[in-house]
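Quick notes on the structure that follows.
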Amino acid sequence: MTTFAARLRRATMVEHREAETRGFITRLMAGGVPRAGFAALTAQYLFIYAELEAAADRMRADKTAAPFADPALTRVPALEADLAHLYGPGWASTITPLPATQRYVRRLHEHCRASAPHFIAHHYVRYLGDLSGGLLVGRSVATTYGLGPDGVRFYAFDGVEHPKAYKAAYRARLDALPLPDEQLDTVVAEAQLAFRLNAAVFEELGTAYPATTLPSPV
Ligand code: HEM
């Protein structure tokens with residue numbers, strides 16, 4: 001029998017691949033995004049996580065969602081510190097959400113503050129991703145931009161000592177979800193949508209911050 005965590009992973013494989021291979025993300029990993037583009041990505045994350053974590057605060061009162069809403073995962077303070085480092089003290093009045101970020105945040109706001117299946121889907125896509133490929137992205141950007149720990153605190157989960165064990169426990173929580181089939185279907189569909197919402201943000205960042213042109217040889 002397939003467990004729910006395995007089903008969710010399999011059902012989002014195509015979307016994962018599409019998000020992971022967006023030009024902006026592959027370029028980011030290859031050192032081809034200008035520093036301003038990396039700063040803008042961090043800014044988009046603040047808008048997204050501020051809403052996701054506002055939803056988490058509310059969902060701690062929900063029996064099904066509460067085990068996922070672990071305060072040890074909270075990213076907003078790390079993002080604020082990164083932005084202060086990347087943009088300087090006036091960061092809060094400098095950053096703006098892209099249209100794709102606004103759509104993502106609207107979806108979170110409208111669905112994740114009261115619905116456990118929606119909240120869990122979005123929580124899974126971001127935090128399990130952050131504890132997987134996100135750790136590789138963190139190492140890569142630290143090298144590219146000469147940052148660390150300031151500027152890349154978002155990628156370091158001080159409250160999660162062993163990401164591998166944490167992810168195993170998280171998957172066990174997914175497998176034990178006490179939800180009827182139709183609500184499990186909602187988790188799967190919403191996770192697929194969450195990946196597409198992320199991919200759309202990367203797409204817009206890719207357009208706004210084209211490849212860094214290397215100095216031409218003289
Ligand atoms: C450079 C980009 C990325 C790389 C290299 C990458 C790599 C990986 C790897 C290796 C895993 C498997 C980890 C494991 O088995 O424990 C994974 C899992 C995951 N990634 Fe990514 N990823 C990237 C981007 C993304 C993005 C953009 C998202 C979502 C916005 C994401 C969401 C996830 C999720 C939710 C999982 C957990 C899958 C599961 O086990 O259920 N990843 N990623």
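Here the structure is a predicted model, which is why all the values come from computation and not from measurement. Order of listing sets the numbers, starting from 1, for every ligand and every atom in it.
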Is at least one protein non-hydrogen atom found at under 4.0 angstrom from atom 26 (C) of ligand 1? no
If you scan protein heavy atoms around atom 3 (C) of ligand 1, the nearest is Glu20 CG, 3.4 Å
What I want to find out is whether Glu18 reaches Arg196 closely enough, with some N-O distance under 4.0 Å, to be called a salt bridge. no
Between Asp62 and Arg113, is the closest basic N to carboxylate O distance under 4.0 Å? no
Decide if the gap between the ring center of Tyr49 and the ring center of Tyr127 is smaller than 6.0 angstrom. yes
Which of the numbered atoms in ligand 1 are below 4.0 angstrom from a heavy atom of Phe202? 27 (C)
Carboxylate-amine/guanidinium contact Arg126 Asp130, below 4.0 Å: yes
Ranking His123, Glu18, His16, His122 by closest non-hydrogen atom to atom 19 (C) of ligand 1, top hit is His16
Below 3.5 Å, N or O to N or O, backbone or side chain included: is there any such pair between Arg9 and ligand 1? yes
Protein contact to atom 40 (O) of ligand 1 [nearest heavy atom, distance to 0.1 Å]: Arg171 NH2, 2.7 Å
Output the list of atoms in ligand 1 that are nearer than 4.0 Å to some heavy atom of Arg126, sorted by atom number. 30 (C)
Ranked by distance from atom 39 (C) of ligand 1, the top protein heavy atom is Tyr124 OH, 3.2 Å
Suppose I only count heavy atoms of Gly133 and a 4.0 Å limit; which atoms of ligand 1 are within that range? 4 (C), 6 (C), 7 (C), 8 (C), 22 (N), 43 (N)
Give me the residue, atom name and distance of the protein heavy atom closest to atom 17 (C) of ligand 1. Ser132 CB, 3.4 Å
What atoms of ligand 1 come closer than 4.0 angstrom to any heavy atom of Phe195? 28 (C), 29 (C), 31 (C), 32 (C), 35 (C)
Only heavy atoms of Asn198, strictly under 4.0 Å: list the atoms of ligand 1 that pass. 30 (C)
Is the closest side-chain heavy-atom distance between Leu86 and Trp91 below 4.5 Å? no
Does the Ser140 side chain pair with the main chain of Leu136, one donor and one acceptor, at a distance under 3.5 Å? no
Would you verify that at least one protein heavy atom lies under 4.0 Å from atom 10 (C) of ligand 1, or report that none does? no
Can you find a pair of side-chain heavy atoms, one from Thr64 and one from Gln183, that are under 4.5 Å apart? no
Quick one: does Val201's side chain get under 4.5 Å of Leu205's, heavy atoms only? yes
Within the 4.0 Å heavy-atom shell around Met29, which atoms of ligand 1 are there? 1 (C)
Do Leu174 and Ile120 have side-chain heavy atoms sitting under 4.5 Å apart? yes
Can you name the atoms of ligand 1, numbered from 1 with element, that are less than 4.0 Å from a heavy atom of Ile25? 1 (C), 2 (C)
Taking only heavy atoms of Lys167, which atoms of ligand 1 are found under 4.0 Å from at least one of them? 13 (C), 14 (C), 16 (O)
Both conditions, 6.0 Å and 45 degrees, for the charged tip of Arg75 above the ring of Phe157: are they met here? yes
